[in-house]
**Q** 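Okay, here's the structure, questions in a sec.
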Amino acid sequence: MKPRALGALLALTLLGASVLPPAASAIPVFARKYGFNCTMCHSNIPRLNDFGQRYRANGYRLPGRENAERTVLESPTPLALRTSAGFNGFRFNAAAGGPNSSTFELNGLDLLSAGLLGRNIGYFMVYVPEIAANRGVAAQRGGLEMASVVFSGLARDRLALRVGRFEPAYVAFSVKRQLSVAPCEIYDAAFPAGPAFSETRSGIELTGRAGSSLRGAVGYIGGPDTDRPYDAPADVYGRLSGVLGPGEGQTAGQRIGVVAYAGRTRPADGGGPREAYYRFGGDASLNLAHANLAVAWLMARDANALWADEGQNDTVTWSGGFAELSYLPLVNLVGFARYDRVNAPDLSGRDIDRMTVGGRWYFEDNVAVHAEFSRRTVARDPRHTGTDATESFFTTRLDVAF
Amino acid sequence: MKRVTTALLIIGLVGACHQSAARAEGRFLATGPLPPAPVPVENPQTDAKVRLGAQLYFDTRLSADNTISCASCHDPRTGWANPHPTDTGIRGQVGGRNSGTVINSAYMRYQFWDGREESLEGQALGPIHNPIEMGETLENVVLKLNAIPGYREQFNAVFGTDVTTAGIARAIAAFERSIISGPSPYDRFVLGDETALTPAARRGLRLFNGKGHCTPCHGGPLFSDQSFHNLGVGMDKAKPDLGRFDHTKAPADRGKFKVPTLRNIAQTPPYLHDGSAPTLRDVIDVYNRGGVPNPWLDPLVLPLNLTDREKADLVAFMEALTGPVPIVEVPKFPDGPGGTADPKGGLR
């Protein structure tokens, strides 16, 4: 981002602060629509609580109050913004090889719009503007990160159909709403040029519920970038979860889920036929008083061509997961610690470990100061000499949404 | 320069949010005090009618054995409600529900916990011929009151007729419509008096409209969405009170009860339709547990994970919804069969 553009953004921010009417300030789209505080739907921004989870699953309509909903044409302007700015520090050892850095930065910008187009038709859109790396501004790859329409109220409100680009249901713990800046390694892991498990995907997804505790989702989505334009979508997935006790397993109740994913795509070089890859896994979100333990484990089975593996086996297998403990002693304070592990395929042998600890203090529902330390270790390739590559990341930043 | 610009940007973002949040603290209900109470065209308020309604409201002669009046269960001394969990009617019979307050009932779209009446006029007659409450027939009440000259004269002056069932209903409704709460500390706060709420009440306001999940049902100037919801209270009993279902027979209405106004709620313990919560804190505990599980539990009733301090803050906020209520003395009744007027008010 050029200084002039940064200045313009600054001016826009200050202008916004001064001219926005009280009813339209400080609260993102849904909170502004209803006049709710953010903690109605978020246990701590950005993580959803059970209320927010039900609201999302109900197609952005308050469950049980669908007849009283207003569409975007009857609501305040459905636009919101999320960004963060602060200090970032990176340290790499020699094996990792990255340049150490420490700088104040503006860490990206999300523009968000959401609401109801009709009584049972909701939409959700996140646009991420392209931002060039600059001293003082972190680079951001631009694009329409999410843009989906959800048709609710099907089968007596038991089913909902989402169409467009969205965060699929097989991502049990949303990366868009996770507490940490450091990524969940297993969600990022993939075969070369393959899709990160947590990427937003284009397609259709049918979600449903049975009784008060059983939730399910099936989806049919387009493949990753290595597919050719004429390739028909070939990825399907399913997720089933159940909740024990009241709640949705976000902050109350105990949720256990399983996911299965089957996809076909071409190797990174784009040559040859499409090859199969699979993911299976389980997850649990366990709550006790003000603490939450989130656990996920995934196993991957990929055609060896996707790894450019010339070994004897037809498939390459790997696995990984994470366990994150978060604790909310106060409504405006949350602490978290997460351990990530990826058991890399034998052909690579470069297992990944990451330990992350952090906390967020909320000045207001939508203004948090975030501090986090994360250390990532990639094991040395056992076929070669050398040492583990370590990368340490520290950030303290202000996270705002309005 | 770039660092300075970034720092300014951060300050700008903080300023934008902080300024807005301060303004926004009471935004969701920035409606100020209650608007004037709605008055039906067919029953305009007059001073004479309200005075007549007050006499009828306090007069035990409307009951079968001359022992129970409206005020017996909707007592002005206890927030115009019943301080006991459930009502006690004639011959010591005990009802199954707690008496709702008369305060601000003029604003309610539905009357009674199950909403079986949609007007105060309809509500006013219900307890009179309820066999457990006042146990009198409407025909007999009309006969009894017509035998009291003072009532007959007043009815002729107000309605141009002798005592009628409709006249009784309209007079009592007109009186109840005059029991409106004045501005509360919360009202003064949203009108700009930042000192009107204590720090605890201000924290409670934020919880009320956030983590406490209160406003989806208790929103608006009346702090009620004028609807019916199932919290599961009493649904774990062998023969639960099915509330709204008993009136509509709609399966989805099982276990639903009217959302009461929270204005002056601190004056009207005990709480919930069965009076099972002695204090506001007990009500919050019900919500904090996520209600009582049952197949028709409202989907927005979820465990809240409130701390003890947060519960106390919510109570502080609800206490700040208390506004002044008209002081009504027990009126002097006309002499007649069933009682002689006491010069100090009431009957001898």
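Heavy-atom basis, side chains included; hydrogens, waters and symmetry copies ignored. Just so we're on the same page: letters track the sequence lines, and every chain starts at 1.
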**Q** Begin from the C-alpha positions of H290(A) and T307(B) and carry the test side chain to side chain contact (heavy atoms under 4.5 Å, CB included) through to its verdict.
**A** CA-CA 9 Å; H290(A) 304 287; T307(B) 64; 3.8 Å; yes
**Q** How close do P303(B) and G247(A) get, heavy atom to heavy atom, and via which atoms?
**A**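 Minimum heavy-atom separation between P303(B) and G247(A): CD-N, 4.2 Å.
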**Q** Is a salt bridge present between D298(B) and R65(A), judged by a nitrogen-to-oxygen distance below 4.0 Å?
**A**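 Salt bridge: yes.
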**Q** Between atom CG of N332(A) and atom NZ of K211(B), what is the distance when rounded to the nearest 0.5 Å?
**A**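 Spacing of CG (N332(A)) from NZ (K211(B)) equals 9.5 Å.
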**Q** Rounded at 0.5 Å granularity, tell me how far CG in L207(B) sits from OG1 in T39(A).
**A**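 Answer rounded to 0.5 Å: 7.0 Å.
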**Q** At a heavy-atom distance under 4.5 Å, which candidate from G253(A), S212(A), A289(A), P329(A) has the highest pair count against chain B?
**A**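 Highest number of heavy-atom pairs under 4.5 Å: A289(A).
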**Q** Which heavy atom of T251(A) sits nearest a heavy atom of N305(B), and at what distance?
**A**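 Looking at all heavy atoms of both residues, the shortest contact is O-ND2, 2.8 Å.
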**Q** If you look at every heavy atom in L300(B) and F51(A), which pair is closest and at what distance?
**A**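 Between these two residues, the closest heavy atoms are CD2-CE1, 3.7 Å.
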**Q** Are any of the side-chain heavy atoms of F36(A) and P216(B) separated by less than 4.5 Å?
**A**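 Yes - at least one pair of side-chain heavy atoms lies under 4.5 Å apart.
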**Q** Using a cut-off of under 4.5 Å on heavy-atom pairs, state which of L302(B), L304(B), L297(B) scores highest against chain A.
**A**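 Of the candidates given, the most pairs with chain A belong to L302(B).
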**Q** Can you name the closest pair of heavy atoms from H213(B) and N49(A) and give their distance?
**A**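 Nearest pair, atom of H213(B) first, then N49(A): NE2-ND2, 3.6 Å.
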